[in-house]
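Shown next, in structure tokens, is the structure this report addresses.
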Amino acid sequence: MKDMELVKITEENTDDFSKMISEDLKCNLGRRFFNGLGVLDHESNPVGAMVYELLNYDSEEDTKILIHSFVSEDDEATELLMSEYGKAVSEDGAVESLYETGDEKINAVFTSHGFNAKQSESLNIVVSAGELKEVAAMTAGKKIPGYIHDMSDTPPLRYRSFLKKCLIKGKTGLLEDLGYLPLSWFEREVSICSISDEMIDGVLLVRKLPSQVLVPCLLTAFGIDFQKNLLYIMLQSAQRIVELYPEETKVVIRRHNAGVKKLTDKFFPNKNGEMVYTGKREER
């Protein structure tokens with residue numbers, strides 16, 4: 001009888017771990033900075049899986065790792081996963097590991113392996129398309145300029161040109177691999193841009209997950225009118241979501257920096273994130 005086997009989870013074998021990795025997370029395993037580790041028992045049945053993402057890997061900042069999910073059916077699988085994860089951390093030169101989870105048992109696994117954890121409000125807030133009606137209503141009496149467009153017909157070259165500017169200025173939003181993602185990865189009809197001199201100078205890029213949840217991934221603009229254009233871009237996106245999606249559609253906004261938090265406090269003052277466990281471990 002063979003011992004448990006540790007395998008890398010890739011696009012090719014994600015279906016083997018369907019009960020342990022959500023569809024929303026599985027679709028990320030082909031992305032540049034996402035990695036998956038899995039454990040198979042002696043009958044080649046999956047008994048453990050984790051997915052994590054490298055942060056700042058292509059920048060001058062210290063590399064960190066964000067653990068997105070962890071599932072284990074027994075202690076042996078847990079130890080195998082955590083041992084192999086420790087090796088990966090070392091190979092990638094990461095200085096810190098991070099996680100956020102609402103699961104008390106998963107939190108206990110991490111704290112037993114050297115993580116420090118606390119309960120705090122999640123960076124994510126969830127609003128519905130129905131609730132966006134209030135934001136979209138702000139367009140009443142306010143004419144959105146003709147240079148604000150959805151990205152349904154945006155030429156790929158125009159998109160790539162704007163991406164280069166974002167990468168030079170370090171504006172990547174939630175996307176470590178922004179420079180590797182095609183425009184088709186986003187939901188074009190609710191992703192909005194502003195145009196100046198036939199070039200994009202501002203965007204809100206929205207991803208639609210397999211679960212139909214919408215996730216704003218990047219909101220940024222350049223130029224003298226960037227603040228005004230950001231408002232127009234957001235309002236137009238909200239309006240399009242209201243027009244195209246059922247009221248119960250979820251929009252998950254991650255308040256990953258002070259700018260995004262300021263906007264969510266303004267537009268959704270009564271929205272809070274769930275209470276979760278957040279943890280970190282220094283890796284060197």
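All residue numbers refer to positions in the sequence shown, counting from 1.
- The hydrophobic cluster containing L132 also contains I144, counting ILVMFWY residues as joined when their side-chain heavy atoms lie under 4.5 angstrom apart, directly or transitively.
- A 4.5 Å side-chain heavy-atom check between Y277 and F110 finds every atom pair outside the cut-off.
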*Applying side-chain contact (heavy atoms from CB on, under 4.5 Å), run through I241 and T249 and close with a yes or a no.*
CA-CA 9 Å; I241 290 171; T249 300; 5.5 Å; no
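- Look at K19 and E73 and you find no salt bridge, because none of the NZ, NE, NH1 or NH2 atoms lies under 4.0 Å from a carboxylate O.
- Salt bridge absent: K280 and E282 never bring a charged side-chain N and a carboxylate O closer than 4.0 Å.
- Below 30°, between 30° and 60°, or above 60°: for F186 and Y159 the angle between ring planes is above 60°, a perpendicular geometry.
- Both L230 and V206 belong to a common hydrophobic cluster when Ile, Leu, Val, Met, Phe, Trp and Tyr are linked at side-chain heavy-atom distances under 4.5 angstrom.
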_side-chain hydrogen bond (donor to acceptor under 3.5 Å, both in side chains) assessment of Y85 paired with S97_ = CA-CA 10 Å; Y85 173 73; S97 293; 2.6 Å; yes
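- A donor and an acceptor atom, one from each side chain of S22 and D24, are nowhere located under 3.5 Å apart.
- For K271 and T264, the side-chain atoms include no donor-acceptor pair closer than 3.5 Å.
- Minimum interatomic distance between P216 and V251 (heavy atoms only, all atoms of both residues): CD-CG1, 3.9 Å.
- In this structure, T14 and I21 have side chains that are not in contact, with every pair of non-hydrogen atoms separated by 4.5 Å or more.
- Residues M234 and F162 fall into different hydrophobic clusters, defined by Ile, Leu, Val, Met, Phe, Trp and Tyr side chains chained together at heavy-atom separations under 4.5 Å.
- Residues E12 and T10 bring a donor and an acceptor atom of their side chains to less than 3.5 Å of each other.
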*asked:* D150 vs S152, test: side-chain hydrogen bond (donor to acceptor under 3.5 Å, both in side chains). Steps then yes/no.
replied: CA-CA 6 Å; D150 70 41; S152 299; 2.9 Å; yes
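- For the residue pair E247 / S128, no side-chain donor-acceptor distance below 3.5 Å is found, with atom types taken as modelled.
- By the neighbour-count criterion of 12 heavy atoms within 6.0 Å, atom CG of D153 is sparsely surrounded, having that number or fewer from other residues, nucleotides or ligands.
- Residues Y180 and D58 bring a donor and an acceptor atom of their side chains to less than 3.5 Å of each other.
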